[in-house]
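Here's the structure we're looking at; comments come further down.
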Amino acid sequence: MTYTSDFLKTLDQRGFIAQCTDDKALDAALGSDSSDGSSSEGSGSDGGGIVTGYIGYDCTAPSLHVGNLISILMLRRLQQAGHRPIVVIGGGTTKVGDPSGKDESRQLLTQDKIDENKKTIRATFERFLTFGDGPTDAIMVDNDDWLSKLNYIEFLRDYGRHFSVNRMMSFDSVKLRLEREQPLSFLEFNYMILQAYDFLELNRRYDCTLQMGGSDQWGNIVNGIDLTRRTDQKSAYGLTTNLLTTASGAKMGKTAQGAVWLNADLLSVYDYWQFWRNTEDADISRFLKLFTELPLDEIARLEALEGADLNEAKKILATQATAMCHGLEAAQKAEATALETFEGGGTSTDLPSVDMQASLLDDGLGLLQAFVLAGLAGSNGEARRLVQGGGAKVNDTAQKDIAAQLTKDDLVNGAIKLSAGKKRHVLLRPST
């Protein structure tokens, strides 16, 4: 359909929207949205006011990754259109585990680990959203605040009757697991009920009428809408985005080296920039629309580039995406490091580095061990294949001898530059 609200129009033009429970009603509720946040305060459920929407994030790791980025940017777009985003940190639901898209039960974490992860995840959102007490300022809440206080018997009596097991069995999060003949615990089966209750609780506390998320959350979102309607006779909406894969079919946010974390403590800004710089040609247009805020006419200019000129579009994508997550200065520094490393033939001091004991160079550090130590290979066997395949370099010189030893003579400006292929580089630095 043709949207009239700024929020849905922007999401539609940039390729965010997968499913919506009621396009027309949600578009009408968002109808007075304004990029300067000047909408009148009040419920958006009847049109003409600020709409409050939320997305939940469980605390299963100390950082979110690029796979979460599209949903974070949905919240950002919601706020830019003059509405209020809520970030729900799943301190409660993390204790249960979301079965969506998984073949086995998620490892249960201790309370201390959940609390530790919550702290680091919170900081990520401050780079994308404006928090405060204003009508369109973002807020962050923890669903453990209400889920941990539920009385099981009362909860079953008051809300269990609203859930049909027959229907729950039809949702992909359950159906796919059973079709693969993978066990689904009763604990996980309860997850969609708790997420539905989250929506009801947020509606009651904050007049939240919109839940967003990836398409794998569709069943959970619909359950929350139904529960809100059945118990409080209120309207609510659901909006999902596609789970992204690259043009080659790889899952977004995953690489051969592991997850592409949003936290610089887990993935350097340089490596984050390089991830975007290595975008496949077929994905450039789509990623520019989703992961940058460049005007659409500028994106149209970039997507028209061909051949070697596409590298310019990739650099712009990398710098724009990195600036949003880590700041413009850090993004430009990463770009300059790449320029020096790849085009200038230099060994930039801003490359990712790994400290090592200086004494290892006294008697000679094995080449294979060095690549494992630098994190460029997962094992000596993998490092051996890298060398034999011609992909291993030391200080930009290709290595062919798997028995080679690195010594202090290999230090350049206090470090040894190791390269795996053309795009992965690490400085190995001896420390006392």
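Worth knowing before you read on, the calculation uses all heavy atoms, side chains too, and leaves out hydrogens, waters and symmetry mates. Along the sequence shown, residues are numbered consecutively beginning with 1. Owing to the predicted nature of the structure, the values given are computational and were not obtained by experimental measurement.
- Checking side-chain atoms of Gln79 against main-chain N and O of Thr130 turns up a donor-acceptor pair under 3.5 Å.
- From Thr397, atom OG1 reaches atom CG of Asp410 across 9.5 Å, with rounding to the nearest 0.5 Å.
- Residue His425 comes nearest to Ser419 through the heavy atom pair ND1-OG, 2.7 Å, listed as atom of the first residue, atom of the second, then distance.
- Residues Ile402 and Leu367 approach most closely at O-CB, 4.5 Å, considering heavy atoms.
- Here the closest heavy-atom approach between residue Val387 and residue Ala392 is recorded as CG2-CB, 3.7 Å.
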What verdict does the ring pair (Phe, Tyr, Trp, His ring centres under 6.0 Å) test give for Trp276 and Phe291, after you've listed the backbone C-alpha separation in whole Å, the side-chain angles of each residue and the deciding distance to 0.1 Å?
CA-CA 10 Å; Trp276 294 106; Phe291 300 113; 5.0 Å; yes
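- Distance check, rounded to the nearest 0.5 Å: OG1 of Thr52 to CG of Leu202 gives 10.0 Å.
- Within the 3.5 Å criterion, the main-chain N or O of Thr279 finds a donor-acceptor partner in the side chain of Lys314.
- To the nearest 0.5 Å, atom CG of residue Leu406 and atom CG of residue Leu428 are 7.5 Å apart.
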Applying side chain to side chain donor-acceptor pair (under 3.5 Å), run through Tyr3 and Thr10 and close with a yes or a no.
CA-CA 9 Å; Tyr3 298 107; Thr10 297; over 6 Å; no
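- Under the 4.0 Å criterion applied to side-chain N and carboxylate O atoms, Glu201 and Arg205 are assigned as salt-bridge partners.
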Under the side chain to side chain donor-acceptor pair (under 3.5 Å) criterion, do Gln217 and Gln195 qualify, and how do the steps go?
CA-CA 10 Å; Gln217 297 298 312; Gln195 185 170 328; 3.3 Å; yes
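- The six-membered or imidazole ring of Phe199 lies near that of Tyr54, with a centre-to-centre distance under 6.0 Å.
- Considering all non-hydrogen atoms of both residues, Arg84 and Leu78 come closest at O-CD2, 3.7 Å.
- Annotation for Gln357: atom CD does not count as buried by contact number, only 12 or fewer foreign heavy atoms lying within 6.0 Å.
- Partner Trp273 forms a side chain to side chain donor-acceptor pair (under 3.5 Å) with one of Thr319, Thr337, Asn278 and no other, that one being Thr319.
- In terms of the salt bridge (Lys or Arg N to Asp or Glu O under 4.0 Å) criterion, residue partners of Asp142 (sequence neighbours excluded) are, by chain and number, Lys118.
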Derivation and outcome, salt bridge (charged side-chain N to carboxylate O under 4.0 Å, His left out), residues Lys113 and Glu116:
CA-CA 5 Å; Lys113 187 59 179 175; Glu116 183 180 320; 3.5 Å; yes
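- In this structure, Ser63 contributes its side chain and Asn263 its backbone to a donor-acceptor pair below 3.5 Å.
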For Leu147 and Leu194, run side chain to side chain contact (heavy atoms under 4.5 Å, CB included): C-alpha distance rounded to whole Å, both residues' side-chain angles, the deciding distance at 0.1 Å, then the answer.
CA-CA 8 Å; Leu147 293 181; Leu194 296 179; 4.1 Å; yes
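- More than 12 heavy atoms of other shown residues, nucleotides or ligands fall within 6.0 angstrom of atom CG in Asp401.
- Contact check for Met140 versus Ile89: side-chain heavy atoms found under the 4.5 Å cut-off.
- Judged purely by atom type and a 3.5 angstrom limit, Arg424 uses its side chain to pair as donor or acceptor with the backbone of Leu376.
- Ion pairing between a basic and an acidic side chain is recognised when a charged N comes within 4.0 Å of a carboxylate O; Asp6 and Arg77 show no such pairing.
- For the pair His326 and Leu262, the minimum side-chain heavy-atom distance is 4.5 Å or more.
- A distance-only check finds a donor-acceptor pair linking the side chain of Asp283 to the backbone of Ala247 [under 3.5 Å].
- With 3.5 Å as the limit, one finds a donor-acceptor pair spanning the side chains of Asn143 and Thr93.
- A distance of 9.0 Å separates CG in Leu267 from OH in Tyr272, rounded to the nearest 0.5 Å.
- Remark: Thr292 engages Leu288, Leu294, Ile299, Leu317, Gln320 in a side chain to side chain contact (heavy atoms under 4.5 Å, CB included) (not counting sequence neighbours).
- Of the possible donor and acceptor atoms, none in the side chain of Asn223 sits under 3.5 Å from a partner among the backbone N and O of Met192.
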Run Glu293 and Arg76 through salt bridge (charged side-chain N to carboxylate O under 4.0 Å, His left out) and show every step you take.
CA-CA 11 Å; Glu293 294 179 343; Arg76 181 179 173 91; 2.5 Å; yes
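- Phe16 has its side chain out of reach of Asn242: every pair of non-hydrogen atoms, C-beta onward, lies at least 4.5 Å apart.
- Remark: side-chain polar atoms of Arg429 are not paired, donor with acceptor, to backbone N or O of Val354 under 3.5 angstrom.
- A 4.5 Å side-chain heavy-atom check between Leu290 and Leu244 finds at least one atom pair inside the cut-off.
- Contact check for Ile225 versus Gln211: no side-chain heavy atoms found under the 4.5 Å cut-off.
- Side-chain contact annotation: Thr4 with Asp27, donor-acceptor N/O pair under 3.5 Å present.
- Aromatic rings from Phe125 and Phe131 are positioned such that their centres are separated by 6.0 Å or more.
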Go through the steps for Tyr191 and Asp58 under the test side chain to side chain donor-acceptor pair (under 3.5 Å), then give the verdict.
CA-CA 12 Å; Tyr191 188 93; Asp58 283 347; 2.8 Å; yes
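- Put simply, the side chain of Val87 reaches to within 4.5 Å of the side chain of Leu129, judged on heavy atoms.
- Among Ile221, Thr241, Thr240, the one residue that satisfies the side chain to side chain contact (heavy atoms under 4.5 Å, CB included) test with Ser215 is Thr240.
- No side-chain heavy atom of Ile121 sits under 4.5 Å from any side-chain heavy atom of Pro62.
- With Asp309 contributing its side chain and Leu305 its backbone, the two residues share no donor-acceptor pair below 3.5 Å.
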Test Val141 against Ile86 for side chain to side chain contact (heavy atoms under 4.5 Å, CB included), laying out the working first.
CA-CA 7 Å; Val141 298; Ile86 297 179; 3.9 Å; yes
Worked check of side chain to side chain donor-acceptor pair (under 3.5 Å) between Asp271 and Ser268
CA-CA 5 Å; Asp271 283 335; Ser268 72; 3.3 Å; yes
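- Under a 4.0 Å N-O distance rule, the pair Arg385/Glu382 does not qualify as a salt bridge.
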Show the numbers, then the answer: is there a side chain to side chain contact (heavy atoms under 4.5 Å, CB included) between Leu8 and Leu26?
CA-CA 9 Å; Leu8 290 182; Leu26 178 58; 4.1 Å; yes
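- Lys289 is listed as a side-chain neighbour of Glu303, based on a closest heavy-atom distance under 4.5 Å.
- Looking at Asp144 and Lys95, a side-chain N of the basic residue comes within less than 4.0 Å of a carboxylate O on the acidic one, giving a salt bridge.
- Classification of Asp362 and Lys408 as a salt-bridged pair holds, one side-chain N sitting under 4.0 Å from a carboxylate O.
- Within the 3.5 Å criterion, the main-chain N or O of Val51 finds a donor-acceptor partner in the side chain of His83.
- Electrostatic pairing of Asp12 and Lys9 does not count as a salt bridge here, judged by no charged N lying under 4.0 Å from a carboxylate O.
- With hydrogens and angles ignored, the 3.5 Å screen pairs a side-chain donor or acceptor of Asn203 with a backbone N or O of Cys208.
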